[in-house]
Colleague: 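Can you keep this structure in mind? I'll have questions shortly.
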Amino acid sequence: MSDEKYWNLMSRYVSNELSLEETEELLEWLGDDPVRAELLKELQDTWDKTKNYPENFKVDTRAAWQKLRSTIAVEKTDDQVRRIDSFRWIKIAAMVLLVLTIGVLSYKQLSTSGLIEVETLAGQHKELILPDGSKVWLNSNSSLTYEESFNSDEQRTVKLTGEGFFEIKRNPDKPFIVTTGRTLTQVLGTSFNIKQEDEGNIKVSVVTGKVSFKSKDNPVQELFLLPGDAGLITKEGYVAKSSYEDQNFLFWKNKSLTFQNSPVSQVIKTLEGAYEISFRLENSALLNQRITTSFDNASLNDVSDVLEALLDVKIVKSDSVYLVKKK
Amino acid sequence: MFVTNLNKDNNSEMSLMLDISGFEALFQVNYQSLCASSFRIVQDKDIAEDIVQDVFYRLWEKRDSLIITSSLKAYLFQSTINQSLNYIKKYKNALKREDLYGSETMEDVNDVEQAMALKEVNQRVEAAVKALPEACRMVFILSRYDQLSYKEIASKLDISVKTVEGQMSKALKHLRSWLLTGLSLINLFFF
């Protein structure tokens with residue numbers, strides 16, 4: 001058999017292009033001579049080493065954006081921007097006044113009331129009821145801080161670090177404000193989840209009602225979020241809005257997951273996050289299959305059983321990884 | 001995708017609601033990696049940046065009429081790869097038949113000599129990829145970084161799947177010997 005044929009098979013093996021039968025053929029050929037297996041290992045190694053090409057590739061995104069921004073037409077939004085600009089001074093004045101007022105108020109309060117801080121440790125969850133009747137669920141490694149006098153202030157203000165789900169008691173006279181990192185989330189009465197992600201981004205997902213979400217550094221760019229919306233403010237202050245498809249992000253609170261015709265790749269990712277485990281698939285073609293199922297308070301064993309049945313696979317735990325194998 | 005408002009009508013089609021702040025976020029998040037994708041193909045940073053900015057420009061121009069069947073991110077990568085390949089086809093004639101089978105140029109040999117001086121693996125990778133004949137590099141890049149199948153590569157480059165297979169082996173042989181020894185045995189393996 002010609003060498004070239006096996007070079008082709010090996011190349012297709014590393015580039016993930018090999019069919020099952022061809023894999024068997026290749027394995028047989030490899031088995032005949034240990035030198036061949038060594039060669040394939042080298043090829044795989046070559047493939048892996050090229051992973052980061054081009055190394056240290058940097059572009060100036062900010063400059064590029066300026067350049068692009070100057071060439072595009074922004075019809076409606078343009079007017080809006082100008083309108084905002086003309087109100088800018090009034091806004092700034094109003095903000096200065098507000099800051100002063102808050103400053104005076106908080107100074108007054110400092111003498112009469114203390115701070116209350118509720119904290120959770122790793123693996124710990126807490127459910128608390130605030131003085132105004134609002135409920136907050138704290139995920140692990142999170143904290144909520146508020147003034148003792150919280151309910152008698154003009155605004156109900158709390159500070160969150162980590163992740164929390166809020167169910168706010170409606171009070172049109174007293175807006176409820178959550179500060180998280182450099183962001184402000186303001187509501188009247190609604191329920192939503194706030195998460196400080198590991199990369200420093202802050203994400204708000206709204207379940208009911210209407211939420212205003214903005215960065216302290218750029219309060220003009222305010223997001224209004226409705227049920228089904230998720231807002232994100234990145235570490236650098238970029239603001240973005242999207243919609244979420246399922247409520248699996250609330251798993252930490254209600255222990256339920258729902259998948260509606262979801263690709264296995266997504267199911268696996270969600271399960272990995274929810275149960276803090278990792279999967280390894282023998283057959284990556286599985287990732288594109290779609291499944292519909294839901295889990296309520298399911299143990300990892302239950303989940304594993306359901307997946308085995310749905311996907312016709314065997315799931316075995318080896319070390320820290322769950323291996324998904326052919327049956 | 002968190003950076004835009006995607007209204008999901010059904011599972012396969014999305015209509016796009018993109019305002020300028022969403023568009024900027026989309027740009028900020030993806031610009032660098034799109035430029036890297038384009039750079040691998042066109043091998044010139046300025047041209048890569050122009051191509052990617054043009055992709056965004058077109059997206060903005062068509063944002064109201066655009067129907068996206070996968071994700072917005074996938075759409076951006078697809079467009080970038082296609083535009084980069086168009087550039088190569090148009091300006092460099094790189095995919096002409098003689099180039100696919102042609103012999104190596106002096107340029108490649110110079111690269112070999114340069115690479116001998118390079119100790120770092122990464123620098124070697126850099127030089128090795130650069131030294132691949134263009135058609136050969138294109139096949140490797142599309143498979144390695146853009147996860148295209150041989151069939152998809154064949155149709156993008158207008159060549160046969162067999163040719164893709166041959167180019168892929170050629171690329172890997174070349175890269176392997178280079179990374180192993182710091183030397184490309186160009187005259188040996190380009191039989």
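A note on names: the letters A, B, ... follow the listed sequences, proteins ahead of strands, and every chain is numbered from 1.
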Colleague: With a 4.5 angstrom heavy-atom cut-off, is it the side chain or the backbone of Gln28(B) that approaches chain A, or both, or neither?
Modeller: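 Contact with chain A is through both the backbone and side chain of Gln28(B).
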Colleague: Quick one: are Val14(A) and Met168(B) in side-chain contact, heavy atoms under 4.5 Å?
Modeller: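 No, their side chains stay 4.5 Å or more apart.
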Colleague: Can you find a pair of side-chain heavy atoms, one from Ser11(A) and one from Phe140(B), that are under 4.5 Å apart?
Modeller: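 Of all side-chain heavy-atom pairs linking Phe140(B) with Ser11(A), none is under 4.5 Å.
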Colleague: Find out whether Ile72(A) and Ile20(B) are in side-chain contact, i.e. whether some heavy atom of one side chain is under 4.5 Å from a heavy atom of the other.
Modeller: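 Result yes, sub-4.5 Å side-chain heavy-atom pair found.
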Colleague: Any side-chain heavy atom of Asp50(B) within less than 4.5 Å of one from Lys67(A)?
Modeller: yes
Colleague: Testing the basics here: between Cys35(B) and Val59(A), what is the closest heavy-atom pair and its distance to 0.1 Å?
Modeller: CB-CG1, 4.0 Å
Colleague: Looking at every non-hydrogen atom in both residues, tell me the closest pair between Leu68(A) and Phe56(B) and how far apart they are.
Modeller: CD2-CB, 3.6 Å
Colleague: Under 4.5 Å heavy-atom distance to chain A, tell me which part of Glu24(B) shows up: side chain, backbone, both or neither.
Modeller: both
Colleague: Could you tell me which portion of Tyr150(B) (side chain, backbone, both or neither) has an atom closer than 4.5 angstrom to a non-hydrogen atom of chain A?
Modeller: both
Colleague: Quiz question: by atom type and distance under 3.5 Å, do the side chains of Thr50(A) and Arg144(B) form a donor-acceptor pair?
Modeller: yes
Colleague: Please report the interatomic distance CD1(Ile153(B)) to OG(Ser15(A)), rounded to the nearest 0.5 Å.
Modeller: 7.5 Å
Colleague: Looking at CG of Leu172(B) and CD of Glu42(A), how far apart are the two atoms once the value is rounded to the nearest 0.5 Å?
Modeller: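 With rounding to 0.5 Å, CG (Leu172(B)) is 12.0 Å from CD (Glu42(A)).
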Colleague: Would you say the side chain of Phe57(A) lies within less than 4.5 Å of the side chain of Gln32(B), judging by non-hydrogen atoms?
Modeller: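 With C-beta onward as the side chain, the pair touches.
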Colleague: Counting only heavy atoms not in Lys216(A), do more than 12 fall under 6.0 Å of its NZ?
Modeller: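 Yes, enclosed.
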Colleague: Considering non-hydrogen atoms only, spot the tightest contact between Phe27(B) and Thr61(A) and give its length.
Modeller: CE2-O, 3.6 Å
Colleague: When you compare the side chain of Phe23(B) with that of Trp65(A), does any pair of heavy atoms fall below 4.5 Å?
Modeller: yes
Colleague: State whether the number of non-hydrogen atoms from other residues, nucleotides or ligands found under 6.0 Å of Asn86(B) atom CG is greater than 12.
Modeller: yes
Colleague: Find out whether Trp47(A) and Ser143(B) are in side-chain contact, i.e. whether some heavy atom of one side chain is under 4.5 Å from a heavy atom of the other.
Modeller: yes
Colleague: So does Arg176(B) get a backbone contact from the side chain of Lys49(A), meaning a donor-acceptor N/O pair under 3.5 Å?
Modeller: no
Colleague: More than 12 heavy atoms of other residues, nucleotides or ligands under 6.0 Å from CD of Glu28(A): yes or no?
Modeller: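 Counting neighbours around CD of Glu28(A), 12 or fewer heavy atoms of other residues, nucleotides or ligands fall under 6.0 Å, so no.
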Colleague: Is it the case that more than 12 heavy atoms not belonging to Tyr53(A) sit under 6.0 Å from its OH atom?
Modeller: yes
Colleague: Out of Arg12(A), Lys5(A), Glu4(A), which residue meets the side-chain contact (heavy atoms from CB on, under 4.5 Å) rule with Glu165(B)?
Modeller: Arg12(A)
